[in-house]
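One-based numbering along the sequence shown.
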Amino acid sequence: MRDKPTTKPAATWLEAWSDPVAGIQAYTPCVHTCNLFGDGEWRLVAADADLKLKVWKGTQKLSEHVLLDTPVAITSFISETAAPRLPSLAVAAGSHIFIYRNLRPYYKFVLPPEDVNVEEQECWKQVMSGSMVVGDAVALLTRLQDVGVLLTTRSLQIMNIGDPQKKLTFVEKWQGQPLIATTVITCLDVIKQSIDEPDAVSCLVVGTESGRVLILNPQGTTIANNIFVGVTPAFIATQGELEVNYRITCAGRDGKLYIIKNGELQQTIIQLEAAAVGLVHLHNSILVACMNDVVHSYQPNGHKNYSLYLPAPVLTMQRLEMTNARMLKCLLVALHNGEVRVYNGRSLVSLHTMPSPVTALWFGRYGREDNTLITVTKSGALDIKILPRTASLEPPSGPPPPPPEQDVPLQVPKKTRLYVEQTQREREQAGDMHRVFQRDLARMRLTTARAYVKILTDGQGASAFTSSASLTLNLAAHGLGPRFKLIMTVRNDGRAHVRDIPVVLSAPERLYNL
């Protein structure tokens with residue numbers, strides 16, 4: 001279906017504050033708001049690409065904190081049931097999750113190492129002992145990678161070095177150190193533990209480069225569940241409660257959706273048309289944006305609900321969930337042309353344009369306002385809009401409007417002089433033209449019948465007969481080759497019995513063997 005409406009939706013958002021020189025270089029997973037200090041004032045936290053954790057309160061930048069690695073995603077979670085329930089801030093970077101409380105470092109979770117392939121470990125042992133030259137080791141590691149073995153970072157690094165002397169230097173650098181297969185975090189989300197409340201205890205859900213989905217305990221110190229997907233998850237979305245019924249959807253780098261239900265990987269795999277650029281759980285549907293400018297809606301069993309065809313590539317997606325009495329859930333989509341669209345199901349209910357392409361979206365509470373849209377653009381600008389309490393994001397009632405294509409007039413070519421003369425000739429000589437057509441058609445039918453009779457009398461057709469006896473021979477060839485089976489059916493149409501009839505098969509010896 002096409003999502004273009006006949007009229008542009010009216011402006012919905014109220015301009016709250018904008019800072020064109022905020023200098024933020026972050027994406028949607030690295031932008032978050034939470035009640036850091038428990039004072040009811042929700043602050044904006046952005047994990048910048050310049051290895052800094054930036055915090056805003058209202059219209060002022062509150063503080064900056066140095067990060068040890070490039071951030072991948074940030075989120076907040078409640079880890080304790082005792083009051084006051086202050087949220088902990090989790091920052092995923094590299095193979096670590098840095099947990100902050102009151103904006104102070106509290107705990108660092110490190111991903112456990114993966115199992116090293118036996119052949120790869122033996123290869124490095126021989127290289128370190130000098131029994132194998134570096135060139136042969138690189139060739140062996142390349143063959144292991146070709147057969148699908150997940151190599152360690154050290155092996156991948158030496159394979160990318162072109163200079164033989166630098167390869168020897170690299171081997172000397174790692175001399176005597178054990179071979180460890182480390183992995184990194186690719187995506188991060190949070191899931192409630194037992195009840196779906198804003199201040200309920202929740203757990204972190206981590207996607208790793210090694211194709212695993214890890215569910216941590218509420219404190220974020222140990223792994224409660226380790227699920228092997230087999231494909232690196234690029235995006236992850238959760239739904240439900242961990243102790244009741246939950247579902248985790250992973251968008252893999254292979255262009256497929258994998259679903260984990262209650263700790264078990266389901267057999268249902270959804271093949272996408274293109275690589276995913278965004279993933280959102282909305283109601284009981286899975287919404288995924290692809291690189292071919294389409295947003296698809298799927299059911300958990302893999303059936304497609306609908307598709308939204310957009311006029312520009314999708315940059316990011318986010319869920320819009322209103323916390324007032326209406327409890328409305330919509331989809332936020334940011335396009336490359338600067339448009340930010342809001343969809344309620346299939347209906348486009350809001351649209352506004354930003355001066356620069358959007359890199360990060362976040363909808364939620366900020367300050368003391370419940371429904372706030374925070375936008376970060378490619379130029380580094382920070383824009384904050386408020387959704388009025390009286391705003392309506394309900395889809396239009398009644399049948400859908402007609403497509404806009406029906407208002408575009410058809411480009412009918414102009415009538416040339418030759419066209420007018422030909423039309424006049426057909427109108428005046430219609431009878432003669434019809435008689436000529438019927439005569440040519442009868443002549444073609446007669447020629448076809450004569451050719452068919454000639455084929456039958458010459459014995460070249462599928463059936464043959466002779467005038468001296470009432471025998472009819474039908475021949476059928478079964479098979480596609482190179483072996484064929486010939487089935488001959490001889491029928492006696494006369495009254496007298498016929499027996500001992502010789503049958504001769506003739507075929508070109510260069511082409512067939514009988």
Check: Leu387 and Trp13 side chains under 4.5 Å, non-hydrogen atoms
yes
Show me the donor-acceptor pairs within less than 3.5 Å that the side chains of residues 59-74 make with the rest of the protein, sequence neighbours left out.
unit_1	atom_1	unit_2	atom_2	d
Lys61	NZ	Glu64	OE2	3.0
Ser63	OG	His65	NE2	3.0

Nearest 0.5 Å, please: how far is CD in Gln271 from CG in Asp254?
7.5 Å
Not counting sequence neighbours, which residues clear side-chain hydrogen bond (donor to acceptor under 3.5 Å, both in side chains) with Asn284? List them please.
none
Going by the ring pair (Phe, Tyr, Trp, His ring centres under 6.0 Å) test, which pairs reach into residues 83-104, not counting sequence neighbours?
His96-Phe98
Heavy-atom side-chain contact between Met322 and Leu393 under 4.5 Å:
yes
According to the salt bridge (Lys or Arg N to Asp or Glu O under 4.0 Å) rule, which pairs have a member within residues 86-110, sequence neighbours left out?
Glu80-Arg101
Mind running side-chain contact (heavy atoms from CB on, under 4.5 Å) on Glu339 and Leu351 for me, showing each step along the way?
CA-CA 7 Å; Glu339 293 182 356; Leu351 186 150; 3.9 Å; yes
Return each pair, listed once, that meets salt bridge (Lys or Arg N to Asp or Glu O under 4.0 Å) where at least one residue sits in residues 15-29; pairs must be two or more places apart or across chains.
Glu15-Lys385
Within the 4.5 Å heavy-atom criterion, are Val277 and Leu315 side-chain neighbours or not?
no
Mind listing the side-chain donor-acceptor pairs of residues 172-180 below 3.5 Å, one per line with the distance, residues two or more places apart or on another chain?
unit_1	atom_1	unit_2	atom_2	d
Gln175	NE2	Met128	O	3.0

Take atom OH of Tyr106 as the centre, draw a 6.0 Å sphere, and report whether it contains more than 12 heavy atoms from other residues, nucleotides or ligands.
no
Sequence neighbours left out, what passes side-chain hydrogen bond (donor to acceptor under 3.5 Å, both in side chains) with Thr377? Give chain and number order.
Ser379
Is any side-chain heavy atom of Leu188 closer than 4.5 Å to one of Pro29?
no
Flag yes if more than 12 heavy atoms outside Asp39 fall under 6.0 Å of its CG atom; otherwise flag no.
yes
Would you compute the distance between atom CG of Leu140 and atom SG of Cys123 and round it to the nearest 0.5 angstrom?
4.5 Å
List the steps and the verdict of side-chain contact (heavy atoms from CB on, under 4.5 Å) for Leu111 and Thr182.
CA-CA 8 Å; Leu111 293 180; Thr182 59; over 6 Å; no
Compare all side-chain heavy atoms of Val229 with those of Ile260 and state whether any distance is below 4.5 angstrom.
yes
Give me each pair satisfying ring pair (Phe, Tyr, Trp, His ring centres under 6.0 Å) with a member in residues 19-45, each pair once, sequence neighbours excluded.
His32-Trp362
Got Val55 and Leu36 here, is their nearest side-chain heavy-atom distance under 4.5 Å?
yes
Go through Ile248 and Ile215 one step at a time and tell me if the side-chain contact (heavy atoms from CB on, under 4.5 Å) criterion holds.
CA-CA 10 Å; Ile248 301 174; Ile215 302 177; 3.9 Å; yes
Does any non-hydrogen side-chain atom of Val295 lie less than 4.5 Å from one of Tyr343?
no
Taking ring pair (Phe, Tyr, Trp, His ring centres under 6.0 Å) as the cut-off, I'd like each qualifying pair that reaches into residues 244-282, sequence neighbours left out, listed once.
none
Test side chain to side chain contact (heavy atoms under 4.5 Å, CB included), reference Met317, set Leu331, Leu332, Leu279, output is Leu331
Rounded at 0.5 Å granularity, tell me how far CG in Leu287 sits from NE2 in His283.
9.0 Å
Side chain of Lys192, backbone of Glu197: donor and acceptor closer than 3.5 Å?
yes
Let's go through Ser297 and Asn305 carefully: what are the C-alpha distance in whole Å and the side-chain angles of both, what is the deciding distance for side-chain hydrogen bond (donor to acceptor under 3.5 Å, both in side chains) to 0.1 Å, and is it a yes or a no?
CA-CA 5 Å; Ser297 174; Asn305 296 325; 3.1 Å; yes
Measuring from atom CG of Asp293 to atom CD of Glu273, what distance do you get when rounded to the nearest 0.5 angstrom?
11.0 Å
Distance in Å, Glu321 CD paired with Leu282 CG, rounded so as to fall on 0.5 Å steps
8.5 Å
side-chain hydrogen bond (donor to acceptor under 3.5 Å, both in side chains) involving Glu243 - partner list, sequence neighbours excluded
Gln193
Value for OG (Ser285) from CD (Gln239), rounded to nearest 0.5 Å, stands at 8.5 Å
Minimum side-chain heavy-atom gap Val190-Val205 below 4.5 Å
no
Non-hydrogen atoms of Gly252 and Val231 that approach each other most closely:
CA-CG1, 4.0 Å
Qualifying residues under salt bridge (charged side-chain N to carboxylate O under 4.0 Å, His left out), relative to Arg212, sequence neighbours excluded
Glu114
Where do Gln145 and Leu156 land on the side-chain contact (heavy atoms from CB on, under 4.5 Å) test, with the steps shown first?
CA-CA 9 Å; Gln145 187 183 35; Leu156 296 176; 3.6 Å; yes
With sequence neighbours excluded, tell me which residues meet side-chain hydrogen bond (donor to acceptor under 3.5 Å, both in side chains) with Arg253.
Glu209
Kindly say whether Gly220 contributes a backbone atom to a donor-acceptor pair with the side chain of Asn217 at under 3.5 angstrom?
yes
